[in-house]
Amino acid sequence: MADTAPNSWESRADTYSLYGFTDLPSVHARGAVVVTHGKGPYIYDTHGREYLDANSGLWNMVAGFDHPGLTETAKAQYDRLPGYHAFFGRMSDQTVMLSEKLVEVSPFEKGRVFYTNSGSEANDTMVKILWFLHAAEGKPQRRKILTRWNGYHGVTAVSASMTGKPYNSVFGLPLPGFIHLGCPHYWRFGQPGETEAQFTARLAAELEATIIKEGPDTIAGFFAEPVMGAGGVIPPSSGYFHAVVPILRKYGIPIISDEVICGFGRTGNTWGCETYDFVPDAIISSKNLTAGYFPMGAVILGDELARRVQAAAEAIEEFPHGFTASGHPVGCAIALKAIDVVMNEGLAQNVRELTPHFEAGLARLAEHPNIGEWRGKGFMGALEAVRDKATRTPFDGSLSVSERIANACTDTGLICRPLGQSIVLCPPFIITREQMDEMFEKLETALKRVFDEVA
Ligand SMILES: *Cc1c(COP(=O)(O)O)cnc(C)c1O
């Protein structure tokens, strides 16, 4: 299958690249898909093969791979000012405009924005902001960070510590002081006989017990994705945020909504916190922020946190933090355009209009005896493979079922991603109804092939 000639793209990739988050047996056997260009929701490899990318790259290429407005904006900004920093009281005009825009479209009346190059760095920065703030307010012991099992917040030492996935143990992570609460996935973690409301109440009680046990005055903040993304597309159990937010408020614990995936329309509203009807103290944005056309992340502080952090910085005359490329003018120009494209050129609307069709397609595939459940919100969906539907028993891990499904999809010209025992679909916002049908047809073919082999 893999092109093994020493000068093939596959061999060259395999020889010189340290693959990240890649199933090595699959890539050695099959060769990497080396991508040359894209068009709409499709990508093309070095063999000229076409793939419908049902994962929007990594959730981020929401406007597809050749949006003329975005590439022209990038080219124009490269001609005007191709790079600048945001230190020492200097920053580009694009950076000024983007901060205004982000506060305007945020759930906050007022606020302040800090830029990074990625979502991981934005979460890392937010943790530093909280540590800085609490210390400045005379509470240097407020350093513990609360997140959830299966939450994904990134890969830097701090954001990987926040991420609740077992693979981080190979790095000796999490660091001390990073506490993981229960994952709000009712289908998987609900106990026999427990209703969804009881399950939610149990998680809320666990949160409060944890706060009391650790000491409310030792906790710096709570971070959550409105819908867990890389943890397997897990919408919260019903009433989850309405149950946990008041508890966090009661103990004065800042609530940070990690909107790196949910932000800018993925769940059908501008923000995931809007979809679940809560107002956080700060928002973390990345991925869709630039529609994937530039690496960039942002911390958007709501009014109250912005005022407190600003006061803490004024007191020492500086906030001593920043990345060389923070607020990069090309990234900011692209983000301004991407926000306009998503919100005003029909992309967000397309998500809302096609969500019922997307859900119907997922529900239809979930009728298969080896699909335990479908779940999702807006344009985020997952199908969970099971050996036994009634008992929700997963396939044996050694069968690598979700990798096999993803590989079978690749063979049919569809890119979708395995996560645990599930298959994730998060199509770009520009996808048409016909392309969505193509996506489900290809996925159905792949599922049938793999389940015939393993079931
Ligand atoms: C992808 C992701 C991150 C990390 O972003 P990177 O740009 O990969 O560092 C953080 N939080 C969430 C919710 C993500 O999906």
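Both ligands and their constituent atoms are indexed starting at 1 by order of listing.
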Q.
Please determine whether ring pair (Phe, Tyr, Trp, His ring centres under 6.0 Å) holds for the pair F65 and H67, giving the CA-CA distance in whole Å, both sets of side-chain angles, and the decisive distance to 0.1 Å.
A. CA-CA 6 Å; F65 296 95; H67 193 283; over 10 Å; no
For residues 35-44, please give each side-chain donor-acceptor pair under 3.5 Å, one per line with the distance, not counting sequence neighbours.
residue	atom	partner	partner atom	Å
T36	OG1	Y44	O	3.2
Y42	OH	E438	OE1	2.6
Y44	OH	E50	OE2	2.8

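Judged as a ring-ring contact (aromatic ring centres under 6.0 Å, His included), and not counting sequence neighbours, the contacts of F132 are F319.
Looking at T218, its side chain does come within 3.5 Å of a backbone N or O of E214 through a donor-acceptor pair. Looking only at distances, a side-chain donor or acceptor of H180 sits under 3.5 Å from a matching main-chain atom of M162.
Counting only residues at least two apart or in different chains, ring-ring contact (aromatic ring centres under 6.0 Å, His included) contacts with residues 154-176 comprise F21-Y167.
Closer than 4.0 angstrom to ligand 1 sit non-hydrogen atoms from S118, G119, S120, N123, Y152, H153, G154, E225, D258, V260, I261, K287.
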